[in-house]
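Note sheet for the following structure.
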Amino acid sequence: MTDVLGIVLKRLGLGVLTLLVISILIFFAVELLPGDIAQAVLGQGATEENLKAMREQLGLNEPAVWRYLQWLAGAIQGDFGSSLISQKPVTETIAPRFANTLFLASYAAVIAVPVAIILGVIVALLRESIFDRVANVTTLTSISSPEFFLGYILILYLAVKNPWFPAIASLSDDMTFLELLNRTFLPALTMVLVVVAHMMRMTRASIINLLASPYIEMARLKGTPAWKVIVKHALPNAWAPIINVVALNLAYLITGVVLVEVVFVYPGIGQLLVDSVTKRDFPVVQACCLIFAATFILLNLAADVGAILTNPRLRHPK
Amino acid sequence: MNYFVIGYYALLIGASCLAAYYSSRSAFLLLFSLTLVSFIVGIVGGESALWTITVCAGVLALCAGTAYAFREFLVIVLPVEASKAIKTAPLTATFGLFVIMTYAIAGVFAPIIAPHGEAEIIAGAFEPPNDEMLLGADQLGRDLFSRLVFGARNTVGIALLATILAFVLGALMGLIAATRGGWFDQLMGRVVDVIMSVPSLIFALLLLSIFGTNVVVLIIIIAIIYSPRVFRLTRAVAGNVVVMDYIEAARLRGEGLWYLIRREILPNSTAPLIAEFGLEFCFVFLLVAGLSFLGLGIQPPTADWGSMVRENATLISFGEITPLFPAGAIALLTVAVNFVVDWMLFRSSGLKG
């Protein structure tokens, strides 16, 4: 068991290192601005005094490396400085929105993961049949559509023509949990459609790969019933690829969430990021990017670790 | 119950019985499951839902017909070798080719096809369709159809340019890394790891917030974000070629790096690269459309599908489908390219599955 722990720790270390490099990238990307932040925010018409005052306020007169270290130290403790526009602490703005986004993503994931895996296994068992073809074309179409296309179709048919669900996902604090689920159903469904298609295709591919291996044929030849072949022989080996598929798609949700939040005016971190990019509110942009990148890396890490835990062969790399 | 509903079920059940009688199993399964689904949908959604199903089936049949006719056309027109390949292509692939061709024509001849200019204001805001305007007017009174046609040139053009740039960048680095090896390989590998560990949309947003939004910046940023995928693939493919004996022979002959890449490695690794180009184009195209939709990509008044969706989005709440046209145009092209890539991957790998 110790060697497993060692490998997992090694992966974790690598993840932290990547995150560190990315934080450097995110911080110093802003330094590439023509002029500096003060100039970019105040525009061409700024007077020399204004610029000076702003530089003083933002601490721009200190060397960049020193400011980076300060920023990093703050970020680790959850303090991302304050917004250039509203002057409020960034963390205060981000925290409730990040919770909203997490809620939406987990809502989508709770529906998508079981549906996708079950459908993927079914399609893999029915491969080369007409259902498989139909599923192939449908999932490909769903993957290829931009999220806002699916979102607007859902709004048109499920909110406007048949007013079953609200088109705009505005939240308030005094809503019951059921009300919340109803309010956020359409954005969640949009993401479910995309993610299910992705996951189904990947699950199908990995199950088909597995079913082609000789030991499955052996099990069939000795007369094991079909369901037993799947449950007892195929599934234990299928966990590793399936865990991988799930984690990768949850990571995919992170990017998809930005567009979906804008379509449904959902008060999440993606919407905040887009707004801040438009307003060039750099501290908020940096914080949002760092959070997104960290989640992305964490999920990829989880996929790696899950694969190692379920597949003993990966523990002894050649 | 009216004649439409009765006719609908009679046709479906009759057709499934016929299919069963002539023992075409897959057609029977498809038709009969459609009948069962219609029962449920019909009870829940009433007659209008059945109409929707009929329209969808009609559109699908039309697409299949177009694809079939186009395949026969290509088989006759193309030279022998190419027509042999096309003959075995699935209908989805030829449909994809047909759509790509249509878009290409629309993009190249946009000023001739479009009845009005790209930014020409000819009517009131959101005016409904009439003889003059096929799809009505947008939020400023510009002809939506003309803007759609010009969008084929702008959106697709920019996505194509960015893909080509990403490809040249990624493939070149990949080839050099595979042939050279050593520190360059290591360094590029790490750089690529870092770029790929940030979600592409987020990375694009970060860079756009810094460098501002104009077309040249957009193309360069997207090319940089998407070149790592090409780099990895090229390096893997070329890595398998580099260890071949003929490369060793060429090296011993004293050939230079550039010759090795151009004459020995590249010709032997094109097949997977072409399929990757298609996939890459889909990703880039969706990213460009997404950024424009967010108002951070191609800037007005240039006609562009992503921003057209956003500009007309308010119409959705009145039950209009106008904003869905540009969004659908994006989806259709991506689907088409994906269909063709699917077929090409299948052909080049010879995989069954």
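All chains are named by letter (A, B, ...) in the order of the sequence lines, taking the proteins before the strands, and each is independently numbered beginning at 1. Fair warning: this is a prediction, and the values are worked out from it, not measured in the lab.
Between B:Ser197 and A:Ile22 there is a side-chain heavy-atom pair separated by less than 4.5 Å. Side-chain atoms of A:Leu25 and B:Leu206, non-hydrogen and from C-beta on, never get closer than 4.5 Å to each other. At least one side-chain heavy atom of B:Ile202 sits under 4.5 Å from a side-chain heavy atom of A:Leu273.
Contact annotation for B:Leu205: both backbone and side-chain heavy atoms come within less than 4.5 Å of a heavy atom of chain A. When heavy atoms are compared at a cutoff of 4.5 Å, A:Phe131 approaches chain B solely by way of its side chain, counted from C-beta outward. Only the backbone of B:Phe318 has a heavy atom closer than 4.5 Å to any heavy atom of chain A. For chain A, no part of B:Arg190 is nearby; none of its heavy atoms comes within less than 4.5 Å. Using a 4.5 Å cut-off between heavy atoms, A:Thr141 contacts chain B through both its backbone and its side chain.
Heavy-atom pairs under 4.5 Å with chain B were tallied for A:Thr295, A:Val134, A:Asp281, A:Val274; the largest tally goes to A:Val274. Per-residue heavy-atom pair counts under 4.5 Å with chain B were compared for A:Ala159, A:Cys289, A:Ala293, A:Ala294, and the maximum is reached by A:Cys289. Ranked by heavy-atom pairs under 4.5 Å with chain A, the list B:Ile316, B:Leu296, B:Leu333, B:Leu201 is led by B:Ile316. Among the candidates A:Phe292, A:Tyr157, A:Phe296, the residue making the largest number of heavy-atom pairs closer than 4.5 Å to chain B is A:Phe296. Ranked by non-hydrogen atom pairs under 4.5 Å with chain B, the options A:Thr278, A:Leu19, A:Val262 are led by A:Val262. Here A:Leu259 is the residue among A:Leu259, A:Ile297, A:Val285 with the most heavy-atom pairs under 4.5 Å with chain B. Of the listed residues (A:Asn300, A:Leu150, A:Asn209, A:Val258), the one with the most heavy-atom contacts under 4.5 Å to chain B is A:Val258.
For residues 278-295 of chain B, the salt bridge (Lys or Arg N to Asp or Glu O under 4.0 Å) pairs, not counting sequence neighbours, are B:Arg229-B:Glu280.
A:Leu140 pairs in a side-chain contact (heavy atoms from CB on, under 4.5 Å) with only one of the listed residues (B:Thr92, B:Val335, B:Asp342), which is B:Asp342.
To the nearest 0.5 Å, the span separating CD1 on B:Ile330 from OG on A:Ser145 amounts to 10.0 Å. A:Glu261 CD to B:Leu294 CG: the interatomic distance, rounded to the nearest 0.5 Å, is 11.0 Å. Rounding to the nearest 0.5 Å places CG of B:Leu91 at 10.5 Å from CZ of A:Arg133. A distance of 13.0 Å separates CD1 of A:Ile130 from CZ of B:Phe28, quoted to the nearest 0.5 Å. Atom OH of A:Tyr152 is separated from atom CG of B:Leu315 by 11.0 Å, given to the nearest 0.5 angstrom.
With a 6.0 Å radius and a threshold of 12 heavy atoms from other residues, nucleotides or ligands, B:Gln299 has its CD atom above the threshold. For B:Phe32, the CZ atom counts as loosely surrounded, since its 6.0 Å shell holds 12 or fewer non-hydrogen atoms of other residues, nucleotides or ligands.
Across all their heavy atoms, A:Ile143 and B:Leu286 have their closest contact at O-CD1, 4.2 Å. Closest non-hydrogen pair, A:Val263 versus B:Phe293, comes out as CG2-CZ, 3.6 Å. A:Val277 approaches B:Ser209 most closely through the heavy-atom pair CG1-CB, 3.6 Å.
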